[in-house]
Asker: 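Quick one: the structure is below, questions incoming.
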Amino acid sequence: MFQTVENRVREAFRSHIQNHYATSVEIVIEEPKQASFGEMALPVAFQLAKALKKAPRQIASELAAGIGAIEGVAAMEVAGNGYINVRLDRGSYAHAILTGAAAADTKPGKIIVEHTNINPNKAAHIGHLRNAVLGDTFVRMLRATGNQVEVQNYIDNTGVQVADVVAGFHFLEGKTIDDVRALIDNPERPFDYVCWDLYARTSQHYDANPEIKAKWRGETLHAIEAGHGELSDLGHLVADAIVQCHIKTMLRLGVIYDVLPRESEILHLQFWATAFEQLKERKAIYFETEGKAKGCWVMPSTAFKEGASEEADDNKIIVRSNGTVTYVGKDIAYQLWKFGLLGKDFHYKKLLTYANGHELWQSTVEPQPGEKKFGGGREVYNVIDSRQSYLQDVVVAGLRALGYNDQADRSTHFAYEMVALSPRTCVELGIELSDEDKKKSHVEVSGRKGLGVKADDLIDKLIENAKREVDSRNADRSEAERLQVAQQIAIGALRYFMLKYTRNTVIAFDFQEALSFTGEAGPYVQYAAVRAAKIRGKVLDSGVVANTGQLDAASMNTFLTDEGLWQSLLAASKLEPSLLRATQSGEPAHVAKYAFQLAQSFSGFYQDHRVLEEPDARRQQFLLWMTDLYRRQFERSLDVLGIAAPEFM
RNA sequence: GCGCCCGUAGCUCAGCUGGAUAGAGCGUCUGGCUACGAACCAGAAGGUCGGAAGUUCGAAUCUUUCCGGGCGCACCA
């Protein structure tokens with residue numbers, strides 16, 4: 001609704017200025033510095049001052065006087081040195097919200113979002129959670145603004161990290177496939193936890209014995225890539241089992257996927273070979289005959305690096321001298337497929353059906369009956385750690401080199417900074433810190449060292465904390481209900497924590513902060529949502545029948561002369577513009593911020609107005625409607641954030 | 001060495017395309033529950049927006065430079 005009026009104001013000023021001043025400027029509409037100034041502020045007089053050679057204040061006065069009536073606008077004032085402040089017609093604004101149903105228009109084309117993308121060789125940690133929560137929330141934002149989205153989670157099941165764990169089982173510990181299968185089935189200890197420790201042990205062993213590293217890793221990788229033999233079988237067994245663990249962990253957070261494209265199929269279906277031919281044909285890569293990259297196929301650095309010189313020896317190797325392809329090469333093939341440019345497709349089989357009926361598919365080599373189709377997107381977002389921006393640049397350069405400039409432009413590296421650990425949390429975890437580390441604001445996690453906080457451990461701890469609070473406040477509820485709410489609160493706290501920071505902020509993860517359920521946190525928003533729903537329920541239980549029919553623009557206007565109520569309505573009505581802005585800027589933190597501000601606004605409303613005890617029947621109807629508007633907006637914004645609105649807290 | 005990111009209140013962070021008196025949470029201090037649930041609310045204290053120069057009617061925001069920090073620059077991903 002706000003945007004509708006905003007557009008009207010913008011258009012009125014645009015045409016008025018065009019007609020009377022014979023010039024055109026971009027009409028900027030801001031939020032006034034202070035709420036008392038009105039609802040919109042236009043600095044347009046400043047922009048015109050130079051061209052018209054007049055004082056801004058004078059121009060503003062002329063504009064305000066000459067522009068005439070605009071539907072939905074009650075008044076315009078000149079303020080400061082030349083601002084034009086716009087005041088809305090409160091009654092008609094409220095009435096328009098009451099009667100209007102905004103239907104989101106669906107946009108054409110499919111957007112592909114790839115996120116999570118965890119190496120299937122150990123348990124997920126907090127860094128992975130940031131990726132998944134950012135990606136999942138962005139997907140929800142896109143869908144809420146009318147986009148069709150396909151969620152992909154790429155599985156690197158043939159990479160070095162999987163090979164290291166396989167080598168650990170096979171060479172280091174002498175385990176057979178049946179031994180490993182027993183570990184997977186062991187309910188005592190989760191398999192991803194077993195691998196977490198084994199990966200750290202294997203890495204340590206490698207560090208102490210570099211020659212063994214080359215031998216074991218090489219042998220294992222070779223077997224996995226060839227796709228047969230015991231080491232290969234072990235690789236698939238481990239990777240598939242870990243993927244199941246990851247899917248389960250992410251499901252706890254409400255994160256689900258549409259399809260898992262796997263690297264093994266990229267290899268076996270010759271995706272790379274096809275891309276390789278195209279790259280060679282278009283001369284995007286060349287065979288190096290001298291220097292340190294002799295015998296490799298490389299992409300010249302001039303293709304992906306600004307200001308790179310011809311002589312600089314920093315070309316990117318795509319195919320190694322032993323003929324194997326690097327990750328970047330495979331990623332170029334994968335990216336081509338995402339846009340439907342490869343001329344090939346995977347086959348797919350259904351991996352599982354989520355409790356809500358949604359199906360998760362996985363790539364496979366053999367054709368399957370009734371298989372779905374994936375890929376072929378109009379736009380692609382890759383949610384990947386900003387440390388990989390160099391490699392993402394290479395991938396995009398690959399698209400450009402093949403002549404796919406449009407697709408390159410619609411290819412976005414949705415980058416985010418890492419999650420590190422606060423020194424205090426390292427101490428709590430029993431991690432030894434060097435004197436140098438102690439001075440730092442954060443310490444980087446390391447999977448190779450087994451240093452980090454496992455996602456499931458963190459979630460368990462959050463639930464435990466929430467459960468204590470819920471128990472102490474809700475003795476009348478059943479154990480099952482309390483547990484469910486505790487889980488919702490824990491996940492709310494966690495998702496909000498991962499979303500409250502903008503993407504390029506390094507998060508120094510701190511247990512005390514993450515476990516905090518007060519202030520700018522998920523549970524604060526949930527609490528407000530619970531209260532809004534509860535008031536509504538109590539009022540209706542008291543025998544009052546909701547009847548918005550008696551709320552016309554004129555009567556609402558009288559209630560809205562109360563500045564506090566007007567500000568409440570305004571805050572509640574601004575979900576759409578902030579959601580749109582957040583989606584355009586690719587910043588889920590903005591949605592989190594809006595939800596928090598909505599909760600702040602409601603808390604104030606809650607304090608100031610007693611809906612249940614309101615003696616004036618019509619005013620009570622109005623307050624009830626406001627409460628319900630808040631409730632609906634909480635529901636929608638929390639849904640975008642992937643946070644549940646509990647029934648009680 | 002080259003490239004990218006960051007430096008805003010004691011701490012952790014917002015600040016949309018430059019715009020009016022720079023905001024929030026936490027922490028500190030003062031108040032508010034016989035409750036439409038205090039996981040809340042009201043109020044106070046707290047900032048030369050890292051330094052300097054420039055562009056502009058106007059700079060936390062744009063440019064240059066310096067200082068301080070982070071991350072990249074593999075035949076790993």
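All values below were derived from every heavy atom in this structure, side-chain atoms included, with hydrogens, water molecules and symmetry-related copies excluded.
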Asker: Examine B/C41: is either OP1 or OP2 under 4.0 Å from a nitrogen or oxygen in the side chain of A/Tyr524? Give yes or no.
Answerer: yes
Asker: Looking at A/Asn85 and A/Ala41, would you say the former's side chain and the latter's main chain have a donor-acceptor pair under 3.5 Å?
Answerer: no
Asker: In whole Å, what separates the P atom of B/A14 from that of B/G25?
Answerer: 16 Å
Asker: Just N and O in the side chain of A/Arg531: are any of them under 4.0 Å from OP1 or OP2 of B/G37?
Answerer: no
Asker: What's A/Glu30 touching, base or sugar-phosphate or nothing? Going by heavy atoms closer than 4.0 Å.
Answerer: base
Asker: Take atom CE of A/Met418 and atom C1' of B/C6, then tell me their distance rounded to the nearest Å.
Answerer: 12 Å
Asker: Roughly how many Å apart are B/A20 and B/G15, using the C1' atom of each and rounding to a whole number?
Answerer: 15 Å
Asker: Could you work out which one of B/C71, B/C36, B/A39 sits closest to the side chain of A/Pro523?
Answerer: B/A39
Asker: Mind calculating the distance between CZ (A/Arg536) and C1' (B/C36) to the nearest angstrom?
Answerer: 14 Å
Asker: CZ of A/Arg503 versus P of B/C4: gap in Å, rounded?
Answerer: 18 Å
Asker: Strictly by modelled atom types, are A/Asp164 and A/Thr202 linked by a side-chain donor-acceptor pair under 3.5 Å?
Answerer: no
Asker: So which nucleotide from B/A77, B/U17, B/A14 ends up closest to the side chain of A/Gln388?
Answerer: B/A77
Asker: Suppose we define a pair by two distances each less than 3.5 Å, Watson-Crick or G-U wobble; what does B/G23 pair with here?
Answerer: B/C13
Asker: Using a cut-off of less than 4.0 Å, is there contact between a side-chain N or O of A/Lys538 and OP1 or OP2 of B/C36?
Answerer: no
Asker: Check for me whether A/Arg503 meets the cation-pi criterion with A/Tyr416, that is, NZ or CZ under 6.0 Å from the six-membered ring centre and within 45 degrees of the ring axis.
Answerer: no
Asker: Among B/A39, B/G37, B/A24, find the nucleotide with the atom closest to the side chain of A/Gln600.
Answerer: B/A24
Asker: Among the candidates B/C36, B/U17, B/A39, find the nucleotide nearest to the side-chain atoms of A/Glu26.
Answerer: B/U17
Asker: Using the P atoms only, state how far B/A9 lies from B/G23, rounded to an integer number of Å.
Answerer: 14 Å
Asker: Determine, using ring centers only, whether A/Tyr390 and A/Phe304 are less than 6.0 Å apart.
Answerer: yes
Asker: Expressed in whole Å, how much space separates the C1' atoms belonging to B/U12 and B/U34?
Answerer: 39 Å
Asker: Let's test your reading of the model: under 3.5 Å, does the base of B/A20 pair with the side chain of A/Asn85 as donor and acceptor?
Answerer: yes
Asker: Give the ring-plane orientation class for A/Phe634 versus A/Tyr630, where under 30° counts as parallel, over 60° as perpendicular and anything between as tilted.
Answerer: parallel
Asker: Classify the nucleic acid contact of A/Ala79 as base, sugar-phosphate or nothing, counting any heavy atom under 4.0 Å across all strands shown.
Answerer: base
Asker: Only pairs with both distances under 3.5 Å count, Watson-Crick or wobble alike; so what is the partner of B/U61 in this structure?
Answerer: none
Asker: For the side chain of A/Glu520, counting heavy atoms from C-beta on, which of B/A38, B/U17, B/G25 is nearest?
Answerer: B/G25
Asker: Consider the side chain of A/Lys33, meaning its heavy atoms from C-beta on, and name the nucleotide among B/C5, B/A39, B/G23 that approaches it most closely.
Answerer: B/G23
Asker: Less than 4.0 angstrom between a side-chain N/O of A/Asn322 and OP1 or OP2 of B/C75, yes or no?
Answerer: no
Asker: With heavy atoms under 4.0 Å as the rule, sort A/Ser321 into base, sugar-phosphate or nothing.
Answerer: base
Asker: For A/Ser516 and for A/Cys296, locate the closest nucleotide of RNA chain B by heavy-atom distance; then report the residue assigned to the nucleotide nearer the 5' terminus.
Answerer: A/Ser516
Asker: For B/G51 versus B/U8, give the span between their P atoms, rounded off to a whole number of Å.
Answerer: 10 Å
Asker: Could you check A/Asp156 against A/Asn81 and say which one's nearest nucleotide on RNA chain B is further toward the 5' end?
Answerer: A/Asn81
Asker: Give A/Asn474 one of three labels, base, sugar-phosphate or nothing, depending on what nucleic acid heavy atoms sit under 4.0 Å from its own.
Answerer: base
Asker: To the nearest Å, how far apart are A/Ile59 CD1 and B/C57 P?
Answerer: 14 Å
Asker: Is the ring pair A/Phe511/A/Phe509 parallel, tilted or perpendicular, if the boundaries are 30 and 60 degrees?
Answerer: perpendicular
Asker: Look at the side chain of A/Arg581 against the base of B/C16 and say whether a donor-acceptor pair falls under 3.5 Å; ignore hydrogens and angles.
Answerer: yes
Asker: Does a side chain donor of either A/Arg495 or A/Thr137 reach within less than 3.5 Å of an acceptor in the other side chain?
Answerer: yes
Asker: Going by atom types alone, do A/Ser389 and A/Ser386 pair a side-chain donor with an acceptor below 3.5 Å?
Answerer: no
Asker: Pairing check on B/U30: which nucleotide meets the Watson-Crick or G-U wobble criteria with it, both distances under 3.5 Å?
Answerer: B/A42
Asker: Need one value for A/Val470: base, sugar-phosphate or nothing, where a base atom within 4.0 Å counts as base even if backbone is also close, heavy atoms only.
Answerer: base
Asker: Below the 4.0 Å mark, does B/A39 have OP1 or OP2 next to a side-chain nitrogen or oxygen of A/Arg473?
Answerer: yes
Asker: Of the candidate nucleotides B/C40, B/A20, B/C71, which contains the atom at the shortest distance from the side chain of A/Pro32?
Answerer: B/A20
Asker: Considering only B/G70, B/A39, B/C57, which nucleotide approaches the side chain of A/His442 most closely?
Answerer: B/G70
Asker: Taking atom P in both B/G27 and B/C41, compute the distance separating them and give it to the nearest angstrom.
Answerer: 13 Å
Asker: I'd like to check, for A/Tyr527, whether its ring lies over the base of B/C40 with centroids under 5.5 Å apart and a plane angle smaller than 30°.
Answerer: no
Asker: Find the distance A/Asp510:CG to B/C13:C1' and express it as a whole number of Å.
Answerer: 14 Å
Asker: State whether a side-chain donor-acceptor pair under 3.5 Å links A/Asp331 with A/Tyr154.
Answerer: no
Asker: Should B/G7 form a Watson-Crick or G-U wobble pair with both distances under 3.5 Å, which nucleotide is its partner?
Answerer: B/C67
Asker: Please give, in whole Å, the distance from B/A24 P to A/Tyr496 OH?
Answerer: 14 Å
Asker: Roughly, in whole Å, what's the span from CD in A/Glu417 to P in B/C6?
Answerer: 9 Å
Asker: OP1, OP2 of B/C5 versus side-chain N and O of A/Arg387: anything below 4.0 Å?
Answerer: no
Asker: Just to be sure I understand the rule, does A/Lys294 reach a base, reach only the sugar-phosphate, or reach nothing, if contact means heavy atoms closer than 4.0 Å?
Answerer: base
Asker: Scan every strand shown for a Watson-Crick or G-U wobble partner of B/C2, both distances under 3.5 Å, and answer none if you come up empty.
Answerer: B/G72
Asker: Identify whether any heavy atom of A/Ala41 sits under 4.0 Å from a base atom; if not, whether one sits that close to sugar-phosphate; answer base, sugar-phosphate or nothing.
Answerer: base
Asker: Below 4.0 angstrom from OP1 or OP2 of B/G15, is there any side-chain N or O of A/His590?
Answerer: yes
Asker: Have A/Glu417 and A/Thr505 got a donor and an acceptor in their side chains that come within less than 3.5 Å?
Answerer: no
Asker: Please determine whether any donor N or O and acceptor N or O are separated by less than 3.5 Å between the side chain of A/Thr505 and the base of B/C13.
Answerer: no
Asker: I'd like the P distance from B/C49 over to B/A60, given in whole Å.
Answerer: 7 Å
Asker: Go through B/U17, B/A39, B/A20 for me and flag the one nearest to the A/Glu469 side chain.
Answerer: B/A39
Asker: Using a 4.0 Å heavy-atom cut-off across all strands, classify A/Val611 as base, sugar-phosphate, or nothing.
Answerer: base
Asker: Could you work out which one of B/C71, B/A20, B/C40 sits closest to the side chain of A/Ser603?
Answerer: B/C40
Asker: Once you apply a heavy-atom cut-off of 4.0 Å, does A/Tyr390 come out as touching a base, just sugar-phosphate, or nothing?
Answerer: sugar-phosphate
Asker: Specify the separation, in whole Å, of atom OH of A/Tyr501 and atom C1' of B/C6.
Answerer: 15 Å
Asker: Can you tell me if the side-chain N/O atoms of A/Tyr606 get under 4.0 Å from OP1 or OP2 in B/A35?
Answerer: no
